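Here the structure is laid out as structure tokens; the discussion comes afterwards.
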Amino acid sequence: MTTTVTPLKPLPSGPAKRTWGSVGPLGVGVAGLWLSIIVLLPLAAITSEAFDDGWSGFWTAVTDENAIATLKVTVLVSLVVALINVVMGTLIAWVLVRDEFPGKRFVNSLIDLPFALPTIVASLVLLSLYGPNSPIDIELNATRPALVIALAFVTLPFVVRQVQPVLIEIDKEVEEAAASLGATNWVIWWKIIFPALAPAVLSGAGLAFTRAIGEFGSVVLIGGNIPGDTQVASQYIQQQIEIDSPVDASAISVVLLLIAFVVLLVLRIVGRRTSKREEQSR
């Protein structure tokens with residue numbers, strides 16, 4: 001019996017073929033140009049304006065008593081909002097993924113309403129509900145709780161939409177196996193579910209925080225704009241523009257950009273380390 005050996009085909013020489021979906025140098029160039037026009041150039045322009053009076057002018061602007069008070073209020077309220085969103089956003093995501101109830105699709109669609117609704121409309125609605133003529137007899141106008149409610153409204157979708165897909169992908173068989181071995185609901189949540197959700201929760205919290213520190217429309221009516229109490233950074237920036245102090249406005253804008261960048265960078269690093277730890281433990 002004769003065995004026929006099929007010769008191996010030589011490997012193609014020259015540059016490797018691009019895989020399907022690769023856009024090539026032209027696509028990369030167009031994407032880079034668009035990113036530069038939309039993001040990098042405005043950031044460079046505002047940074048340049050912030051230093052029009054030199055480093056001393058920038059430092060004077062950001063260390064002004066009113067500026068520091070405004071930044072403290074902004075960061076504090078945004079942190080509270082991010083923490084609320086971590087708890088409530090994760091809970092809502094859990095209900096939408098794990099539970100069945102009438103109107104579930106409607107509720108799921110309602111989560112994205114803050115993205116579609118002009119934020120100043122949200123401020124008007126909240127003012128009607130919690131203002132001087134409150135129909136429910138709860139007046140929160142020009143208070144920090146009003147800021148928290150307004151910012152929580154516009155940042156709610158971030159944690160929910162980050163956590164939902166991760167919850168969908170979690171293998172329920174692992175939870176069932178743990179329960180069959182006698183693990184309590186708390187142990188299952190803390191040891192199995194939460195480690196898988198942690199990167200998504202951190203990412204959603206970071207997005208909620210960075211959105212909150214720069215929010216304007218949702219607080220412009222309900223917040224009161226009281227310096228040192230309810231005035232947030234975006235309102236302070238508008239105030240500096242109105243009194244013809246663009247350098248001061250740009251300086252505070254740069255500070256907000258730096259805060260947002262640092263927060264997102266730290267959370268991304270923590271999220272990656274958490275994901276690696278989770279993969280190694282499997």
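Just so it is clear, the structure is predicted and the values come from calculations on it, not from any experiment.
- For K72, there are no salt bridge (Lys or Arg N to Asp or Glu O under 4.0 Å) partners, not counting sequence neighbours.
- The nearest pair of heavy atoms linking A50 to V254 is CB-CG2, 3.8 Å.
- Distance CG/L127 to CD/E139: 9.5 Å, rounded to 0.5 Å.
- Smallest separation of non-hydrogen atoms from L140 and P145: CD2-CB, 4.4 Å.
- Rounded to the nearest 0.5 angstrom, I222 CD1 and I120 CD1 are separated by 12.5 Å.
- A donor-acceptor contact shorter than 3.5 Å is absent between the side chain of T155 and the backbone of A212.
- No side-chain heavy atom of S203 sits less than 4.5 Å from a side-chain heavy atom of L267.
- Between W189 and F194, the angle of the ring planes lies from 30° to 60°, which puts this pair in the tilted group.
- Under the rule for a side chain to side chain contact (heavy atoms under 4.5 Å, CB included), the partners of E215 that lie at least two apart in sequence or sit in another chain are T119, L151, V154, R211, S218.
- Summarising the geometry of A82 relative to A205, their closest heavy-atom pair is CB-O, 3.9 Å, with the distance given to 0.1 Å.
- Heavy atoms of other residues, nucleotides or ligands lying less than 6.0 angstrom from CZ of R98 number more than 12.
- Counting all heavy atoms, side chain and backbone alike, I252 lies closest to A61 at CD1-O, 4.1 Å.
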Q. Can D229 and R144 be said to form a side-chain contact (heavy atoms from CB on, under 4.5 Å), step by step?
A. CA-CA 7 Å; D229 187 16; R144 292 189 184 182; 3.5 Å; yes

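- Considering all non-hydrogen atoms of both residues, A142 and T230 come closest at O-CG2, 3.6 Å.
- Rounded to the nearest 0.5 angstrom, T210 OG1 and L264 CG are separated by 4.5 Å.
- By the rule that hydrophobic residues join a cluster once side-chain heavy atoms approach within less than 4.5 Å of another member, L43 and I241 end up as members of separate clusters.
- Every residue meeting the salt bridge (Lys or Arg N to Asp or Glu O under 4.0 Å) condition with E100, not counting sequence neighbours, appears here in chain and number order: K104.
- Atom CG in L79 sits 4.5 Å away from atom CZ in F209 (nearest 0.5 Å).
- Although no hydrogens or angles enter the test, the distance criterion places no donor-acceptor pair under 3.5 Å between the side chain of S48 and the main chain of A44.
- Between Q238 and E242, the closest side-chain pair of non-hydrogen atoms falls below 4.5 Å.
- Here the side chains of Y236 and D64 are in contact, with some heavy-atom distance below 4.5 Å.
- Between L71 and L256 there is a side-chain heavy-atom pair separated by less than 4.5 Å.
- Shown here for G206 and V263, the closest heavy-atom pair between the two residues is CA-CG1, 4.4 Å.
- Here F115 pairs with F158 under the ring pair (Phe, Tyr, Trp, His ring centres under 6.0 Å) rule; sequence neighbours left out.
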Q. Run the side-chain contact (heavy atoms from CB on, under 4.5 Å) check on L265 and R268 step by step: do they pass?
A. CA-CA 5 Å; L265 179 63; R268 177 160 295 186; 5.5 Å; no

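- In this structure a side-chain-to-backbone donor-acceptor pair under 3.5 Å is present from S123 to L221.
- E175 places no side-chain N or O within 3.5 Å of a backbone atom of K172 that could act as its donor or acceptor partner.
- Within the 4.5 Å cutoff, the side chain of N85 has heavy atoms near those of the L156 side chain.
- V166 and L96 fall into different hydrophobic clusters, where Ile, Leu, Val, Met, Phe, Trp and Tyr are joined by side-chain heavy atoms under 4.5 Å apart, directly or via other members.
- When side chains are defined from C-beta on, D52 counts as touching E49, because their heavy atoms get closer than 4.5 Å.
- Between I170 and L197 the shortest side-chain heavy-atom distance falls below 4.5 Å.
- Between the T90 side chain and the V87 main chain, no donor and acceptor come within less than 3.5 Å of each other.
- Each of F153 and V86 belongs to its own hydrophobic cluster when Ile, Leu, Val, Met, Phe, Trp and Tyr are linked at side-chain heavy-atom distances under 4.5 angstrom.
- In this structure, N185 places its CG atom where only 12 or fewer heavy-atom neighbours from other residues, nucleotides or ligands lie under 6.0 Å away.
- Counting heavy-atom neighbours within 6.0 Å of F101 CZ, excluding the residue itself, gives a total above 12.
- Under the 4.5 Å side-chain heavy-atom criterion for Ile, Leu, Val, Met, Phe, Trp and Tyr, L258 and V255 are members of the same hydrophobic cluster.
- Listed by chain and number, the residues in a side chain to side chain contact (heavy atoms under 4.5 Å, CB included) with V270 are L202, V266, T274 (sequence neighbours excluded).
- Annotation: the span from D248 atom CG to S253 atom OG amounts to 10.5 Å, rounded to 0.5 Å.
- When hydrophobic clusters are built by joining Ile, Leu, Val, Met, Phe, Trp and Tyr residues whose side-chain heavy atoms come closer than 4.5 Å, directly or via intermediates, L167 is not grouped with I92.
- For the salt bridge (charged side-chain N to carboxylate O under 4.0 Å, His left out) condition, no pair includes a residue of residues 30-41, sequence neighbours left out.
- Between the OH atom in Y130 and the CG atom in D137 there is a gap of 12.5 Å [rounded to 0.5 Å].
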Q: Give the C-alpha distance, both sets of side-chain angles, the deciding distance and a yes or no for side-chain contact (heavy atoms from CB on, under 4.5 Å) between Q164 and N108.
A: CA-CA 11 Å; Q164 261 186 303; N108 196 30; 3.3 Å; yes

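- In this structure, the side chains of I226 and Q231 stay at 4.5 Å or more apart for every pair of heavy atoms.
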